[in-house]
Amino acid sequence: MSESDAETLFERVVAGEIPADVVYEDEATFAFRDIRPQARVHVLVVPRKRYRNVAELAAADPQLLADLVKTAAKVAELEGVAESGYRVVFNTDSDAGQTVFHVHAHVLGGEQLGFFGRLG
Ligand code: AMP
């Protein structure tokens with residue numbers, strides 16, 4: 001997938017042009033299940049407005065970043081993992097494996113998660 005394709009993908013999900021399993025939405029944010037789940041609970045949380053990554057979002061609109069993290073916590077509650085624990089991940093650019101350049105928080109949980117870091 002080229003970056004220009006990837007840039008529009010989550011905008012199209014938010015616009016309802018690509019079907020998604022929506023978990024929660026409000027004025028500023030939108031949460032839907034990852035199409036290739038890496039844990040029993042794997043939900044993506046995006047701002048409706050596109051920023052390329054979390055650093056750009058933080059610099060441009062800190063309130064919206066806070067809203068995004070609050071939605072991640074809300075998703076954890078809705079998915080029943082707020083008590084058992086969960087991970088919030090922002091992959092940022094190439095070495096982290098970011099493939100969609102519309103900032104998104106991965107909310108992962110529902111089971112004991114593995115360590116993460118270097119490949120292999
Ligand atoms: P990242 O690698 O951090 O950019 O994460 C992109 C995520 O988007 C991956 O975990 C993909 O499985 C997920 N994904 C790609 N297309 C879709 C889609 N149409 N609906 C839901 N999740 C998607």
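Position 1 is the first residue of the sequence, and the numbers go up from there. All ligand and atom numbering here is 1-based and tracks the order in the structure.
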Could you tell me whether Glu79 and Lys74 have a side-chain N and a carboxylate O separated by less than 4.0 Å?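 So Glu79 does not pair with Lys74 through a salt bridge.
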Pick one of side chain, backbone, both or neither for how [X] approaches ligand 1, counting any non-hydrogen atom pair under 4.0 Å.
X     : value
Gln38 : neither
Asn91 : side chain
Phe10 : side chain

Name the one of Val54, Asp61, Thr29 that satisfies side chain to side chain contact (heavy atoms under 4.5 Å, CB included) with Leu68?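 Of all the options given, the one that passes is Thr29.
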May I ask you to list the atoms of ligand 1 that are less than 4.0 angstrom from any heavy atom of Arg36?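 In order of number, 11 (C), 12 (O).
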Compute the shortest N/O to N/O distance between Gly97 and ligand 1 and return yes if it is under 3.5 Å, no if not.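 Among all N and O atoms of Gly97, at least one is under 3.5 Å from an N or O of ligand 1.
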Looking only at N/O atoms, are His42 and ligand 1 under 3.5 Å apart anywhere?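 No: no nitrogen or oxygen of His42 is under 3.5 Å from one in ligand 1.
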Ring centres under 6.0 Å, that's the criterion: do His102 and His104 meet it?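 No, they do not, as the ring centres are separated by 6.0 Å or more.
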Please find out if less than 6.0 Å separates the ring center of Tyr24 from that of Phe32.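 Not under 6.0 Å, so no.
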Minimum distance, heavy atoms only, to atom 14 (N) of ligand 1: which one of Ile35, Val100, Leu9 is it?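 Going through Ile35, Val100, Leu9 one by one, Ile35 has the nearest heavy atom to atom 14 (N) of ligand 1.
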What's the shortest heavy-atom distance between Val81 and Gly110, and which atoms?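 Heavy atoms only, the tightest pair is CG1-N, 3.6 Å.
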